[in-house]
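Naming: A, B, ... by sequence-line order, numbering from 1 per chain.
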Amino acid sequence: MARRRELIGYGLIAPALILSIGIVVVPGIFTVVLSFTDWSGIGPSYNFIGLQNFRDILADNVFGTALLNNIKWVVLFLTVPAIIGLLTATLLLRRRKMRTFFQVIYLMPYVLAPVVNALVWQTIIYNPNGGIFGFFGLQPPTASVRTSLYGAAIVDMWHYFGFLTVVYLGAMRQTPMDQVEAAVVDGAGSWKVFRHVYLPSIRPTLLLMGVMTVIFSFLAFDYVYLLTQGGPARSSEVMGTYAYAFAFSSFEFGKAAAVGLIMSFFGLIASCVYTWLSRRDVTE
Amino acid sequence: MRRALGYVVLAFFAAVALIPLLLVLINSFKTNPEILSNPFKPPSSFSFGNFSTAWNYGQFTKGFLNSILLTGTAVLVVLIASSLAGYVLAGRRVRTSSAIMTYLTMAMTVPIQLFIFPLYAGVASLNLTDNVAVVGVILAAVNIPFATFLMRTFFLNVPAEIEEAALADGVSTFGLLRWILFPIVRPGLITVGVIVGLNAWNEFLLSSTFLQNPEDQTLTLGYLTMNGTFSTDMGTMMAGALILIVPILGAFIALQRYVVDGMASGAVKG
């Protein structure tokens, strides 16, 4: 009977595991193998070339730019949207009637497709001929080597901050009311209540979102690819666009796999931290 | 006074979120010279010419059908796979439940860039690129881990007595799931469906890689193609954007409770 129950269990969980392993894990293992070859992505011929792909990439200046840009992306996303998210969530906490209204507005850019968001900014805001920047006679940030990365990051942060508002507000609402009331009775002002009651109470959420942000920042692709294609002069290249260009512009799948592996390595570190944190949360 | 200041801050960020979208709305009805003279000015007359141009050149009829097929496939596959897996994991019905949960946590954070290149080569060798349903299944596989976790928490909240009573009455596992448990976890199924639907509808990296033939492009890819021809025709580009924005915002506002709940549960990728 117990055996039968176990068999049924495996039968029910099989579709999820087969899809995940077949589509994500098996090709993922192939990526590791590919990164040691010179495969072009077409045809069966390839040679194992050891660490040559990694040596070439590390010697490439563009890789340095891309890695540095990913690090800048991490720093930007760990601060700007997180602060806006915390500030707006805190303000919404005590405004029950307006809560849904503001959450829905903040989430509007988040639910729209990156293609739509990027092209809207490119066409009507950044456009030097007729967009808002053109109207005020300004050069758009995406056109200059010094600011191109930030031009893409601004649009991504605009689309992202509302998500953090909703997540942080959701976490803050779990804070036990008696703790808040006790602090108020003790004469704590709203800053002190935030600092000593709400902030410690949402610490697990803050940490998890922080780790997630680090992972996604090393994988950034959509907004950079759509707004700058890594340019001008490859100044806004991130590892995601750099790898993509190897695979689908110069047909060096081996190198693309090597960059994909390096990106995932950063993700893996963060994901180990994530696993560790969420396990600790469960056991606590 | 402080309360008013709080509202000023909230309203400021509401304006930040909304102004680009309002610019789309007002400029989609304007001609190019009107936009060039002042992009902030409301339209002097409402002409719908931009919309029909955008619809034709963005191939939106085909785009809508392909997007619906892609999203529908992804949502259906995720709902079936993740609800069955969530049920098993919630009741620890297999001895390896903990190991599977650890696996799913890791799988949730595997980046697309780690598997896209060999997957593309594999799918291409099977002649399955430019197949919308195949991309739907791939997107399903990406979304299954988080959806399983979300469904698991919904199954955890179902009292064990319900299942025991049904099994005592001789109900089969299938009957139990189909007629008793699924109706109870319906809010979870809707939340997962809405979030996966949104992810699939908006996805860019996988869809643009696997769907290069114009016949098989989704709505957003059709709009991206249009940008090549119409990048200087701002009115048409804005009309195209509005056509893509309105249905999503409409669906979002109608289903916002599920979207917000799903996100607040911390189960969504950025």
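For the residue pair A:Tyr106 and B:Ala17, the shortest heavy atom distance occurs at CA-CB, 4.4 Å. Summarising the geometry of A:Pro27 relative to B:Phe115, their closest heavy-atom pair is CB-O, 3.6 Å, with the distance given to 0.1 Å.
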Before giving the answer on ring pair (Phe, Tyr, Trp, His ring centres under 6.0 Å), spell out for B:Phe117 and A:Phe246 the whole-Å C-alpha distance, their side-chain angles and the decisive distance to 0.1 Å. CA-CA 10 Å; B:Phe117 305 119; A:Phe246 274 130; 9.6 Å; no
Please test B:Tyr120 against A:Phe248 for ring pair (Phe, Tyr, Trp, His ring centres under 6.0 Å), starting from the C-alpha separation and ending with a verdict. CA-CA 11 Å; B:Tyr120 179 80; A:Phe248 296 109; 5.1 Å; yes
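The existence of a salt bridge linking B:Arg95 and A:Glu6 is confirmed by a sub-4.0 Å separation between a basic side-chain nitrogen and an acidic carboxylate oxygen.
A heavy-atom distance below 4.5 Å is not found between the side chains of B:Val94 and A:Arg5. Between A:Met108 and B:Ile253, some side-chain heavy-atom pair lies under the 4.5 Å cut-off. Residues A:Ser264 and B:Val110 have side chains not in contact (no heavy-atom distance under 4.5 Å, counting atoms from C-beta outward). Between B:Pro20 and A:Ile124, every side-chain heavy-atom pair lies at or beyond the 4.5 Å cut-off.
Of the atoms belonging to B:Leu10, heavy atoms from both backbone and side chain fall under 4.5 Å from chain A. Contact of B:Arg257 with chain A is not made at all, since no heavy-atom distance falls under 4.5 Å.
Using modelled atom types and a 3.5 Å distance limit, the side chains of B:Tyr103 and A:Ser20 yield a donor-acceptor pair.
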